Amino acid sequence: MNQNTWAAVDGYISEQFIPSDAVLEAALEASAAAGLPPISVSPAQGKMLMLLAQLQGAQSILEMGTLGGYSTIWLARALPKEGRLVTLEAEPKHVEVARNNIALAGLSNLVDVRLGKAIETLPLLVKEGLGPFDFIFIDADKPGYPSYLPWALKLSRPGTLIIADNIVRNGAVADAASKDANVQGVRRFNELLAAEPKVSTTMIQTVGVKGYDGFTMSIVQG
Ligand code: SAH
Ligand code: DHB
Ligand code: MG
């Protein structure tokens, strides 16, 4: 088994279950044309996020790390018409591309893209009385994950689903000696989750076009 097999099967999954979608493809094309890195969730992962948000009956979603809005569009499609998604992004160029992609997707009325470092914008959400969110997707800078967890908890309620991306990092997550700041960030995040009585957590390993990686899945306890 190797990357070619994983990518081929991801192609097969898309062919079977994810009809070609002009809006999502345009979002990826516009993101690439603007020079954004090709690190959006894969189509199969995006659909998984949408299905989880539907399963959750989510009316409010918080995302950290917007990039060009690809995962945002998948998630926003799970919302009812009075729903709301707030997504946090530090790079002005990414915000501009994402806002445009979200507008072309017809989702601007549901989606609020906030410019700024998540550690600075998260407290503002609390001050504004936003939340609790039904679904929280953490996908911004990995060294920041440990500092985002307390804010995610403040902005949640019993039953909130918290998903964090890029947790496995080609297996490096299991290497306690790793010097990589991204690996150290997700390892610390996992330790905090494990020690946090307010959540019940597992990790899911994934392979596909983006290689070998994974998600944590946590439910805030009552
Ligand atoms: N969720 C997106 C991918 C996000 S990539 C998708 O799947 O389509 C990670 C994003 O987090 C990048 O756009 C990066 O600019 C942003 N980011 C990095 N550091 C950040 C920070 N401190 N606060 C908010 N966003 C940050
Ligand atoms: C990176 C970030 C992501 O959110 C991702 O899904 C893949 C890679 C990165 O920063 O390299
Ligand atoms: Mg990611």
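Numbering of ligands and ligand atoms starts at 1, following listing order. On a predicted model such as this, the values are computed, not experimentally measured, just so you know. One is the number of the first residue; the rest follow in order along the sequence.
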Chemist: Purely on distance, is any nitrogen or oxygen of E89 under 3.5 Å from one on ligand 1?
Modeler: yes

Chemist: Hey, is L67 touching ligand 2 through its side chain, its backbone, both or neither, going by heavy atoms under 4.0 Å?
Modeler: neither

Chemist: In the protein, what heavy atom is nearest to atom 7 (O) of ligand 1, and what distance, to one decimal place, separates them?
Modeler: V41 N, 2.8 Å

Chemist: As an exercise, state the distance from CD of Q54 to CG of L75, rounded to the nearest 0.5 Å.
Modeler: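 CG of L75 is found 10.5 Å from CD of Q54.
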
Chemist: Would you mind running through ligand 1 and noting each atom that sits below 4.0 Å from a heavy atom of G65?
Modeler: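 Taking each heavy atom of G65 in turn, ligand 1 has 1 (N), 2 (C), 4 (C), 10 (C), 11 (O) under 4.0 Å.
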
Chemist: Given the rule in the salt bridge (charged side-chain N to carboxylate O under 4.0 Å, His left out) test, do R77 and D21 qualify, once you have shown the distances and angles that lead to the verdict?
Modeler: CA-CA 13 Å; R77 284 178 171 178; D21 182 312; 2.7 Å; yes

Chemist: Looking at atom 3 (C) of ligand 2, what's its closest protein heavy atom, distance included?
Modeler: N166 OD1, 3.1 Å

Chemist: To the nearest 10°, what's the angle at the Mg ion (ligand 3) between atoms OD1 (N166) and OD2 (D165)?
Modeler: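 Between OD1 of N166 and OD2 of D165, the angle at the Mg ion (ligand 3) is about 90°.
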
Chemist: Looking only at distance, does I39 have an N or O less than 3.5 Å from an N or O of ligand 1?
Modeler: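 No, no N or O pair falls under 3.5 Å.
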
Chemist: Looking at atom 20 (C) of ligand 1, what's its closest protein heavy atom, distance included?
Modeler: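 The protein heavy atom lying closest is D141 OD1, 3.3 Å.
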
Chemist: How far is atom 9 (C) of ligand 1 from the closest protein heavy atom, and which atom is that?
Modeler: D139 O, 3.2 Å

Chemist: So for ligand 1, is K117 a polar contact partner (N or O within less than 3.5 Å, distance only)?
Modeler: no

Chemist: I'd like to check whether R169 has a polar contact with ligand 2, where a contact means an N/O of the residue lying under 3.5 Å from an N/O of the ligand.
Modeler: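 No, since none of the N or O atoms of R169 sits under 3.5 Å from an N or O of ligand 2.
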
